[in-house]
Amino acid sequence: MKSILEIRGLKASVEDMPILRGIDLTVNAGEVHAIMGPNGSGKSTLASVLAGNEDYEVDGGTVEYLGKDLLEMDVDERAREGVFLAFQYPIELPGVSTMNFLKQAVNSVREHRGQKPLGAAELLRLAKEKAALIELDTRLKQRSVNQGFSGGEKKRNEIFQLAMLEPTLAILDETDSGLDIDALRSVANGVNLLRTQERGFLIITHYQRLLNYIVPDFVHVIAGGRIVRSGDKELALELEKRGYDWVQEELAA
Amino acid sequence: MAELIDHRVEDRFLAAYERYQSLNGTSEPLSDLSKKAIERFAEIGFPARKNESWKYTNITPIIGRTYQMASTARAATKGIAGLTTHVAVFINGRFTPEASQLDQLPPGVSVKSLSATAEHELVQTHLGNYADYTDESFTALNTAFLKDGAVISIESGCKLDHPVHIIHIVANDEATIVQPRTLIHAADHASAQIIQSTEFRGSTSLLMNAVTEIYVGNEAHVDFLDLQVGTPHVSRITNLSVYQKSQSKFESDVFTFGGELTRNNLSILADGENCESLLHGLFMARGNSHIDNNTFVDHAKPNCYSSEYYKGILDHQSVGVFNGKVLVREDAQLINAYQTNRSILLSDTARMYSKPALEIYADDVKCSHGATTGQLDKDGLFYLRSRGIPEEEARRLMLTSFAGDIIEKAPVASLHELLYDHVECMLR
Ligand SMILES: Nc1ncnc2c1ncn2[C@@H]1O[C@H](COP(=O)(O)OP(=O)(O)O)[C@@H](O)[C@H]1O
Ligand SMILES: [Mg+2]
């Protein structure tokens, strides 16, 4: 099976405070990995480090992405290579038109893949098709990126961008938080349609709820900056029942 | 000039005035005004830096140079591609009808030379009435050297079909001062869009000291857009004075890209009820550029609305200044007046001085003002880059959007693309 991501002994800190204390994780093509864990355990930090956020300092370990050293790449280079992060808190970009943004993003990625850039009409057609996939209100495309979007709209917009950019590795950071049940269902449905044999997913979530809709192949629990437990989807159900104290207690014991 | 070097810098201008008068003779109707202005200039001189409104703008190096008064020249212009306008050309500060294209003006609209119309009632009534030469040094100087200019008149109820585009061509081969003058009169119910831009063809120091007066009659509507693309040897002082009658609408859009030193003075007197005044500005500077926008809105009558929105992007060692003052007089109740200035600094050495100010003597008003200066939003940049957009492009996209906010407000839509091009050019 083709490996997409190999994380070995990854340590990272923010403002000199160690957060990740040695993460090991392998994601193969076609797999969906759920990452769960209590608030403050380092889930978003892991996502940020993988996306290349320079606020986070890598203190040790390696990350191989498709056989290349991911940590050596710039943020935008990672994205062009096929790494996508759906933000827990998507950024509002007042004045930046959504279509202009999509055009630059899609064409940057396409150019990198040796595909010809899309013209305005082709882009619009693609955007329509992908927006339908996750039931995104197409009127949002007329606005500035994320500006004045509700929490749910922002999250849908992240998945919409995922669909537009067709990454190899998709990282979803708490995409479910702030979504009502209908929105959750349509977003999950969109993600399921995007599951392919070539693509790997890292789905970060605090609650088991999302995993009823997006059924993971593996579930990992992060606590205190380490993966303290790994298993299949049953682990998520057990966590739901017994709470995070259970793994933390076990860890302390 | 050597014998003058030790004198006060003002004395050189006074001496130049004497020479100018004896060389050019006096065209009677204007000479009275001109004489009053030079006398006033002799008294007030150039603004000192302790003058609050010039605190952050040092004009000493600019006025200290030895300038020639601009001579007449021949030149032609193609104007701005894709823009349908009536073109009024000024060459070296002088309105030049031969170089203009004004034969398609609609009925009731005229663009004439000031010297030819100096005795007309319209000029007699309005010229020098709004641009204050008694208190503003540069307006006094412009008025003192006043020989000619353009008079744009839109008669009652008439409407300009396309904008009048005032193009200043300056072709100088030595350090030169040019002082164009324009009077725009929009009678009751008239409407007009005016664009002003400059083509600098010289490569030595240039000081342009322009005065524009605009009368906006009852229920009239005037848009005035000034586009300035400067080079490091061009300094420009613009004095735009607007007088609004009741239920009139006036909009100013000032775009300043680069230049050595720019000072845009804009003053509006809303002297009638239900006036609307919009003041929009975008300034972008880099290198050692200095751009100062100084605005004054005088609400003299009740029930008026004014909204001011200026944005700036400053790189390298450039300096931006925004001084915006709104005065609400005692009887001017029910005024809504808003002022906003936002600036982005792209370097550690660029500086922005922003001072929006309200002076309110009425009690039932809604006024606000705010100023922010900061760096490009780091999180926004990360977000764009995380979608594959290279850093340089991501920065450009954010800055273009920031500037586009002002561009999109500009009334002549066919100009937007050109304005975006200038923004793009400044970011390269
Ligand atoms: N940018 C940051 N600045 C300061 N502290 C941070 C930052 N990001 C995360 N942290 C801290 O790191 C720890 C882990 O945070 P995070 O990775 O966001 O956790 P999770 O996503 O699992 O809730 C928390 O204690 C949080 O306060
Ligand atoms: Mg988080």
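Given the structure is predicted, the values throughout are model-derived calculations rather than measurements. No hydrogens, no waters, no symmetry mates; every other heavy atom, side chains included, goes into these values. So that the names make sense, note that chain A is the first sequence line, chain B the second, and so on, each numbered from 1.
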*Asks:* First locate atom CG of B:Leu397, then atom CZ of A:Phe101, and finally report the distance between them rounded to the nearest 0.5 Å.
*Replies:* 8.5 Å
*Asks:* Could you pull out every donor-acceptor pair under 3.5 Å between chain A and chain B?
*Replies:*
{"residue": "A:Asp55", "atom": "OD1", "partner": "B:Lys378", "partner atom": "NZ", "Å": "3.2"}
{"residue": "A:Asp76", "atom": "OD1", "partner": "B:Arg385", "partner atom": "NE", "Å": "2.7"}
{"residue": "A:Asp76", "atom": "OD1", "partner": "B:Arg385", "partner atom": "NH2", "Å": "2.7"}
{"residue": "A:Arg80", "atom": "NH1", "partner": "B:Gly388", "partner atom": "O", "Å": "3.0"}
{"residue": "A:Leu85", "atom": "O", "partner": "B:Arg387", "partner atom": "NH1", "Å": "2.7"}
{"residue": "A:Leu85", "atom": "O", "partner": "B:Arg387", "partner atom": "NH2", "Å": "3.0"}
{"residue": "A:Gly95", "atom": "O", "partner": "B:Ser401", "partner atom": "OG", "Å": "3.4"}
{"residue": "A:Asn146", "atom": "ND2", "partner": "B:Tyr383", "partner atom": "OH", "Å": "3.2"}
{"residue": "A:Glu158", "atom": "OE1", "partner": "B:Arg387", "partner atom": "NH2", "Å": "2.6"}
{"residue": "A:Glu158", "atom": "OE2", "partner": "B:Tyr383", "partner atom": "OH", "Å": "2.3"}
{"residue": "A:Gln161", "atom": "OE1", "partner": "B:Arg387", "partner atom": "NE", "Å": "2.6"}
{"residue": "A:Gln161", "atom": "NE2", "partner": "B:Tyr383", "partner atom": "OH", "Å": "3.0"}

*Asks:* Evaluate side chain to side chain contact (heavy atoms under 4.5 Å, CB included) for A:Ile91 paired with B:Phe382, printing each intermediate quantity in order.
*Replies:* CA-CA 9 Å; A:Ile91 308 295; B:Phe382 176 68; over 6 Å; no
*Asks:* Flag yes if more than 12 heavy atoms outside A:Asp16 fall under 6.0 Å of its CG atom; otherwise flag no.
*Replies:* no
*Asks:* Which residues pass the salt bridge (Lys or Arg N to Asp or Glu O under 4.0 Å) test with A:Glu122, not counting sequence neighbours?
*Replies:* A:Lys116
*Asks:* If the condition is side-chain hydrogen bond (donor to acceptor under 3.5 Å, both in side chains), which residues does A:Asp59 pass it with, not counting sequence neighbours?
*Replies:* A:Ser13
*Asks:* Mind checking side-chain contact (heavy atoms from CB on, under 4.5 Å) for A:Thr196 and listing every partner two or more places apart, or none if nothing turns up?
*Replies:* A:Glu198, A:Arg199
*Asks:* Under 4.5 Å heavy-atom distance to chain B, tell me which part of A:Val145 shows up: side chain, backbone, both or neither.
*Replies:* side chain
*Asks:* Which atoms of A:Pro167 are under 4.5 Å from chain B, going by heavy atoms: the side chain, the backbone, both sets, or neither?
*Replies:* neither
*Asks:* Pick one of side chain, backbone, both or neither for A:Val109, based on which atoms fall under 4.5 Å of a heavy atom in chain B.
*Replies:* side chain
